[in-house]
Structure formats: structure tokens, C-alpha cells
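We count residues from 1, following the sequence as given.
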Amino acid sequence: MYLKKLEIYGFKSFADKVELEFNGGIAAVVGPNGCGKSNIADAIRWVLGEQSIKNLRGNKMEDVIFAGTSTRKALGVASVIITFDNSDGTLPIDYEEVAIGRKLYRSGESEYTINGTPCRLKDINDLLYDTGIGKDGYSIIGQGQVEKLINSRPEDRREIFDEATGISKYKYKKMETLKRLEETADNLQRIKDIIREVE
Ligand code: ATP
């Protein structure tokens with residue numbers, strides 16, 4: 001699997017639609033300070049489901065929408081679509097190309113898509129779990145992240161290894177199952193109470 005294309009519109013400094021094509025191999029983004037290089041990495045993080053605006057270098061989620069300049073009006077929507085070549089079947093979905101999309105309107109409304117079909121953030125998380133490219137994967141190493149890893153507490157470091165080895169996926173599924181078990185136990189208790197009342 002490899003990153004094939006990135007389409008950005010209205011995200012941070014990208015007021016015009018930009019399409020970046022990657023064809024395997026190594027790609028480098030170069031440019032003067034402040035031209036938007038890191039915004040490309042932010043766009044990738046964001047479309048993969050990042051929920052923390054701090055990790056996207058902003059204060060509120062709306063900050064990812066193009067805010068306008070002295071010569072250009074602000075936009076009302078930010079949209080990013082990332083396309084992976086999945087001909088090796090790394091992503092557990094029956095498509096050779098997988099396009100994940102995210103949109104955010106200034107009204108706060110947002111939308112996620114997989115190959116153009118609206119979906120939940122959970123569907124994207126499930127699709128990316130264990131592939132190393134999810135928002136918590138280590139496919140994006142931010143500035144200072146290596147230093148943070150070295151200085152982190154053992155428990156936090158453990159989380160990083162869990163993600164890297166694919167254990168997180170099972171921890172997440174276990175957590176979801178335990179939650180469902182708890183809900184079922186509550187329902188059972190309610191049914192028992194009703195039976196007792198009826199008897
Ligand atoms: P450096 O080389 O200094 O790290 P860079 O090329 O990585 O810089 P970025 O940090 O990606 O640059 O981009 C910063 C630019 O993006 C700034 O000019 C900032 O004003 C602009 N920017 C960020 N958010 C928005 C937004 N919502 N609307 C318009 N412009 C934005």
C-alpha cells in the first residue's frame with residue numbers, strides 16, 4: 001500500500017484546490033518558511049481522523065478552515081481527500097484504491113467518507129487500525145516527537161509499542177466489548193426488575 005494522492009481544498013493556507021500525486025518512492029516537499037509545508041502533514045493527520053486541534057497547531061477546529069488573507073475572502077469549508085493504493089490488500093476493504101475524505105463546515109457540521117460514501121469516524125478508525133497509518137500510528141513523526149518518546153513515562157511508551165505492534169486494536173475491541181457487556185448487564189437487571197414487579 002502506498003499514498004497515491006492528496007487533495008486539499010480550503011484547509012489552512014490552501015484556498016485553492018491542490019492535488020498532490022505520489023507515485024511510490026520518496027517525495028520531498030520543499031519551500032520557504034511559512035509557505036504551508038507543515039500544513040500538508042496537518043491535512044494528512046486531519047483526514048485520518050485527528051480530533052485534537054492541538055496536534056494540528058490550532059486553538060479550535062474551525063482554525064483548519066482557510067481564514068482569508070488581505071486579498072482573499074475566508075472560506076466556509078475545509079476538505080481533504082487522501083487516496084491509498086490498496087492493490088496489496090493492506091486495508092481490509094475490497095477496493096484497489098481507497099479514498100478517505102473529511103469535510104468541515106464553518107457551521108460545525110462535518111462529514112467523513114470512504115470512497116465517496118458517507119461514513120462514521122469509527123469506520124475510518126476501524127479501517128486503519130493495525131495498519132500503522134491511523135491518527136495514532138507512527139507514519140507521521142512530528143517535530144520533537146522522538147525527544148518526547150525518549151523522555152516519556154514507561155506507561156506512555158508502552159502505548160506507543162502497543163500501537164506499533166498492533167495490540168492497540170485488540171485493546172480497543174476489548175474496551176468496546178466490555179462496554180457492550182456492561183450495557184447488556186444493565187438491560188438484564190432492568191428486565192429482572194420488571195419481571196419482579198409483574199410477579
Ligand atoms: P516552516 O518552514 O517555517 O515550518 P511551513 O512551510 O511548514 O513553515 P506552515 O506552518 O505549514 O508553514 O504554514 C504556515 C502558514 O499557514 C502561515 O502563513 C499561516 O498564516 C497559514 N495558515 C495556517 N492556518 C491558516 C488558515 N486557517 N487560514 C489561512 N492561512 C492559514
Side-chain angles (χ1 to χ4, degrees), residues 1-4 41-56 58 60-61 64 79-105 108-142 145-146 148-199:
M1 180 185 62
Y2 65 87
L3 169 58
K4 205 169 177 185
D42 290 342
I44 296 176
R45 268 184 212 280
W46 186 69
V47 72
L48 295 178
E50 180 61 72
Q51 297 301 302
S52 156
I53 185 65
K54 206 176 80 218
N55 291 341
L56 298 163
K60 48 187 188 322
M61 210 32 117
V64 302
S79 162
V80 177
I81 301 173
I82 192 166
T83 305
F84 295 102
D85 178 291
N86 189 42
S87 40
D88 63 359
T90 302
L91 296 174
I93 184 171
D94 220 4
Y95 288 96
E96 294 222 336
E97 235 178 52
V98 180
I100 296 171
R102 181 173 180 182
K103 257 186 197 172
L104 176 72
Y105 295 89
E109 223 178 295
S110 72
E111 181 184 299
Y112 294 92
T113 53
I114 295 176
N115 284 353
T117 305
C119 66
R120 301 164 302 171
L121 170 62
K122 184 179 178 303
D123 298 320
I124 294 175
N125 286 340
D126 286 350
L127 182 68
L128 299 177
Y129 257 120
D130 222 13
T131 60
I133 55 167
K135 71 172 184 64
D136 294 322
Y138 290 89
S139 47
I140 300 178
I141 310 287
Q145 214 170 330
V146 174
K148 203 172 130 204
L149 170 68
I150 293 165
N151 296 328
S152 62
R153 294 179 309 157
E155 307 89 276
D156 297 337
R157 210 173 300 152
R158 165 75 194 259
E159 260 179 41
I160 293 167
F161 286 114
D162 281 353
E163 178 64 37
T165 52
I167 293 173
S168 300
K169 178 183 184 174
Y170 298 104
K171 282 194 168 170
Y172 172 73
K173 288 205 162 156
K174 183 180 166 190
M175 223 170 64
E176 287 222 313
T177 308
L178 286 175
K179 211 173 96 196
R180 272 210 300 276
L181 274 172
E182 222 173 89
E183 283 164 9
T184 309
D186 282 351
N187 287 341
L188 267 175
Q189 189 55 49
R190 224 167 292 140
I191 290 169
K192 277 184 192 159
D193 290 346
I194 293 170
I195 291 173
R196 217 171 299 133
E197 265 174 40
V198 172
E199 278 172 352

Partners meeting ring pair (Phe, Tyr, Trp, His ring centres under 6.0 Å) with Y105 (sequence neighbours left out):
none

Applying side-chain contact (heavy atoms from CB on, under 4.5 Å), run through I100 and F84 and close with a yes or a no.
CA-CA 8 Å; I100 296 171; F84 295 102; 4.2 Å; yes

When rounded to the nearest 0.5 angstrom, what is the spacing between [atom1] in [X] and [atom2] in [Y]?
X	Y	atom1	atom2	result
I140	E50	CD1	CD	9.0 Å
R102	I82	CZ	CD1	12.5 Å
I167	F161	CD1	CZ	11.0 Å
T177	Y172	OG1	OH	10.5 Å
R153	R158	CZ	CZ	14.0 Å
R157	L149	CZ	CG	6.5 Å

Pair R120 + E111, salt bridge at N-O below 4.0 Å
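Answer for the salt bridge query: no.
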
Go through the side-chain N and O atoms of N86 and E96 and say whether any donor and acceptor fall under 3.5 Å apart.
no

Under 3.5 Å, is there a donor on one side chain and an acceptor on the other for T117 and N115?
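Side chains of T117 and N115: no pair found under 3.5 Å.
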
Taking side chain as C-beta onward, heavy atoms only, is D156 less than 4.5 Å from K148?
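No, every pair of side-chain atoms sits at 4.5 Å or beyond.
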
Would you say the side chain of L128 lies within less than 4.5 Å of the side chain of L91, judging by non-hydrogen atoms?
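Result yes, sub-4.5 Å side-chain heavy-atom pair found.
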
Working for side-chain contact (heavy atoms from CB on, under 4.5 Å), residues D162 and K171:
CA-CA 9 Å; D162 281 353; K171 282 194 168 170; 2.5 Å; yes

By side-chain hydrogen bond (donor to acceptor under 3.5 Å, both in side chains), which residues pair with R190, not counting sequence neighbours?
N187

side-chain contact (heavy atoms from CB on, under 4.5 Å), that's the test. Do I124 and I114 meet it? Break it down for me.
CA-CA 8 Å; I124 294 175; I114 295 176; 4.0 Å; yes

So does L56 get a backbone contact from the side chain of R45, meaning a donor-acceptor N/O pair under 3.5 Å?
no

I would like to know whether L104 and W46 meet side-chain contact (heavy atoms from CB on, under 4.5 Å); could you show each step before the answer?
CA-CA 10 Å; L104 176 72; W46 186 69; 3.6 Å; yes

For residues 191-199, tabulate all N or O donor-acceptor pairs below 3.5 Å that involve a side-chain atom, not counting sequence neighbours.
unit_1: D193; atom_1: OD1; unit_2: Q189; atom_2: NE2; d: 3.4

